[in-house]
Number of protein chains: 2
Amino acid sequence: MAELDPSESIGRTLYSEIKHLMLRALSEGEWKAGDVIPSERRLCDRFGVSIGTLRKAVDELVAENILIRHQGRGTFVATHNREQQFFRFFNIVRHNGHKTYPDLYLLGFSKRPAGKMAGEKLQIASTAEVFRFVNVLSLQGEPTVVDEITVPETLFPGLTECELRERSNTLYHLYQVTYGLNVIRTEERLRAGLATEPQAALLNVAPGAPLLHIYRVAFTYNDLPVEWRVSYINTQNYEYFSTNGQ
Amino acid sequence: MAELDPSESIGRTLYSEIKHLMLRALSEGEWKAGDVIPSERRLCDRFGVSIGTLRKAVDELVAENILIRHQGRGTFVATHNREQQFFRFFNIVRHNGHKTYPDLYLLGFSKRPAGKMAGEKLQIASTAEVFRFVNVLSLQGEPTVVDEITVPETLFPGLTECELRERSNTLYHLYQVTYGLNVIRTEERLRAGLATEPQAALLNVAPGAPLLHIYRVAFTYNDLPVEWRVSYINTQNYEYFSTNGQ
DNA sequence: CCCAATTTGTTCGTATGTATA
DNA sequence: TTATACATACGAACAAATTGG
C-alpha cells in the first residue's frame, strides 16, 4: 500500500484517508474541472482498498458537490456551469421565488494593495497585491446588485479586465478552468445598511434607501480563501433565499 | 415482507422505502423526541432488509439531523436542546463571529384569524385561528431581534402564554415535546428595511435605522409548515451568518 | 436496432473494531 | 467481564444506464 505511508495520514479512518488522497489529486490538478476520474475499480486498485471503502470516500465528495457520479458514464469533477451550479452560490430570487440569471456590467478593474479588511479575509498581508473589480447585476432589466470583488494576485496571475468582460460562463467557472481554483464553499454574513450616493445611483434608488449587505469569503480545497466579495442589494423586488436542513 | 406493500411505495429504491417507513414512525409518534429507536439488527428484522440497506436509510436521516447515532449506545431521535441544535436555526452572531444565547422577553400573545400572509405561509385558510406572539431577544444585554411568531391553533391546541413564558428550553424544544412537532427544516428570505417607530423603540435605535428582515417558514415531516416568523434585526453589532457547501 | 463492454447503483452479507452500559 | 450497539472494511451478485460497435 505505497499510497498510504503514515506521513499522509489525515483522517482517522481508511475511507477518510482515501478521501484526502482524492482531494489532493483534485487540488494538485491531476483531475481537472469536467474530467472523468478513474473508475471505481481502478481507484480500488490504486489505493489498495475495497469497493465499499472507496465508495464511502466518493460518497462524501459527492455530498460536498465536488464530484458528480453518472451511472453508466463515470464520476466527474463538478464544474461551475450556469445550468447546474450557478444558483448554489447565487441566492437572490424574486419575491415570488422565481430565479433568473443576472445581466452583468463590469464597472471597474484595478490592481492595488489588499488593505486591512481584504487582507484579513483573504489571509494575505495587507500590502499584498490584489485585483479588485465591481459588477452591477441586473435582474429582468432592473439593476439590483452591486458586487465589489477582491482576489489575490498570487492566485490569479495575469488576470485581465478583458477576461472578466468576455467570459461566456460564470465567474467561478473562470476561476476554475483558467486558474485551477475550484470554489467549493462560501461563508456569508448579512447586514442591513443604507444606500450611499454612488450606490443609490447605480441601483436606481434614493440615497438612504435600505440595502442588504452581503460579506462573502469563497474557499477552495484546504479552506484556502480565493475571493472576498461585498454585495449591496436592493431588496425591493428581490430577496436573499436560504434553506436550513435537508 | 408485509411492511412493504405497494401502496406504501414512495421512493424508487428499497432503502428510500425504509427511510419513509422510518419517517412515518417518527411523524406518527411511535418514536418520540429523545427516544432510542430499535437497534439496527431489530430494524433489519422488522423491515426485512439487510444491514447495509438499513444503514443507508438511517445514514440519510442522520444527515438531515433527524436521527443521531451514538456508537455503543444506540440511535436516537434528535432533540431541540440548547447545546446541540440551537445554533442550527439561530444564525445571528456578533460581528467577530461569537455565538451567544439570547435573553428573551415575551411581548404579547393573542389568538386571532391567520390573515392572508400567515395563511399562505402556513398553508391554512386566512380565516383559520392562529396563535401569535412577539419575542424581543437581547444579546449580551442589547435588544437586537424582534420575532413575530405565528403558529396554527390546530397544530398547537391550547397553547398558552404561560407555556411560552415559563419554558426552560428552546421554543422548538417546546414544539417538539409538548406538541409532537419536530422542526426539521426552515426556509428563510432576507431583506433590508427601515425601523418603524415601535421597532425603533424596542431595539433602541433611531426610527428609519436599517434593519435586517427575515421571513421564515419552519417545517416538520412531510413538508408540513408549523410556524411563520418575521424577524427584525439590528445589525449594528450582530449579523446573519450563513455557510454554503460542506 | 441490437449486442457487448464498461461504469455506477443497489442489495445482500460477513468479519472485525470500538464504544457503552 | 460480558453483552449490546454502532463503525469500519471487506467483497459478491445483480440491476440500470451509457457507450461504441
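These values consider heavy atoms only, across backbone and side chains, with no hydrogens, waters or symmetry-generated copies. Proteins come first, then strands; the chains are lettered A, B, ... in the order of their sequence lines, and each starts at number 1.
One interatomic measurement links the two molecules: CG of A/Leu14 to P of C/dT18, which rounds to 13 Å at whole-angstrom precision. Atom pair B/Lys19:NZ and C/dT11:C1' shows a separation of 18 Å (rounding to whole Å applied). In this structure, the CZ atom of A/Phe47 is 18 Å from the C1' atom of D/dC10, given to the nearest Å. Computed from coordinates, the A/Phe76 CZ to C/dT8 C1' distance equals 11 Å when rounded to whole Å. Nucleotide C/dT7 holds its P atom 12 Å from the CG atom of A/Asp45, rounded to whole Å. One interatomic measurement links the two molecules: CG of A/Leu54 to P of D/dC10, which rounds to 10 Å at whole-angstrom precision. Look at CD1 on B/Ile51: it is 13 Å from C1' on C/dA15, rounded to the nearest Å.
Within 4.0 Å of B/Gly52, counting heavy atoms only, lies no atom of the nucleic acid at all.
The stretch residues 93-103 of chain A participates, sequence neighbours left out, in these salt bridge (Lys or Arg N to Asp or Glu O under 4.0 Å) pairs: A/Arg94-A/Glu142. Legend: ring pair (Phe, Tyr, Trp, His ring centres under 6.0 Å) pairs involving residues 26-46 of chain A, not counting sequence neighbours: none detected.
Contact between the side-chain N/O atoms of B/Arg55 and the OP1/OP2 oxygens of D/dA7 is found at a separation under 4.0 Å. Between B/Tyr15 and the phosphate of C/dT10, there is a side-chain N or O to OP1/OP2 separation shorter than 4.0 Å. Between C/dT10 and B/Thr53, no contact under 4.0 Å exists linking OP1 or OP2 to a side-chain N or O.
Remark: side-chain polar atoms of A/Arg88 are paired, donor with acceptor, to backbone N or O of A/Ile184 under 3.5 angstrom. Proximity of a side-chain donor or acceptor of B/Arg165 to a complementary backbone N or O of B/Thr160 within less than 3.5 Å is not detected.
Considering only residues two or more places apart in sequence or on other chains, A/His80 meets the side-chain hydrogen bond (donor to acceptor under 3.5 Å, both in side chains) condition with A/Asn182.
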Under 3.5 Å, which donor-acceptor pairs do the side chains of residues 63-73 of chain A form with other protein atoms, sequence neighbours left out?
unit_1: A/Glu64; atom_1: OE2; unit_2: A/Lys19; atom_2: NZ; d: 2.8
unit_1: A/Arg69; atom_1: NH2; unit_2: A/Asp59; atom_2: OD1; d: 2.1

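Relative to the side chain of A/Thr13, the nucleotides C/dT7, D/dA9, D/dC6 differ in distance, and D/dA9 lies closest.
Side chains of B/Glu239 and A/Tyr215: no donor on one and acceptor on the other come within 3.5 Å. In this structure, a donor-acceptor pair under 3.5 Å is present between the side chains of A/Tyr172 and A/Glu227. A donor-acceptor pair shorter than 3.5 Å cannot be found between the side chains of B/Arg189 and A/His95.
The residue among A/Ser50 and B/Arg73 whose nearest nucleotide of DNA chain D is located toward the 5' end is B/Arg73.
Residues of residues 32-41 of chain A having a heavy atom closer than 4.0 Å to DNA chain C, listed by number: A/Ser39, A/Glu40. Residues from residues 56-72 of chain B placing a heavy atom under 4.0 Å of any atom in DNA chain D, listed by number, are B/Arg69, B/His70, B/Gln71, B/Gly72.
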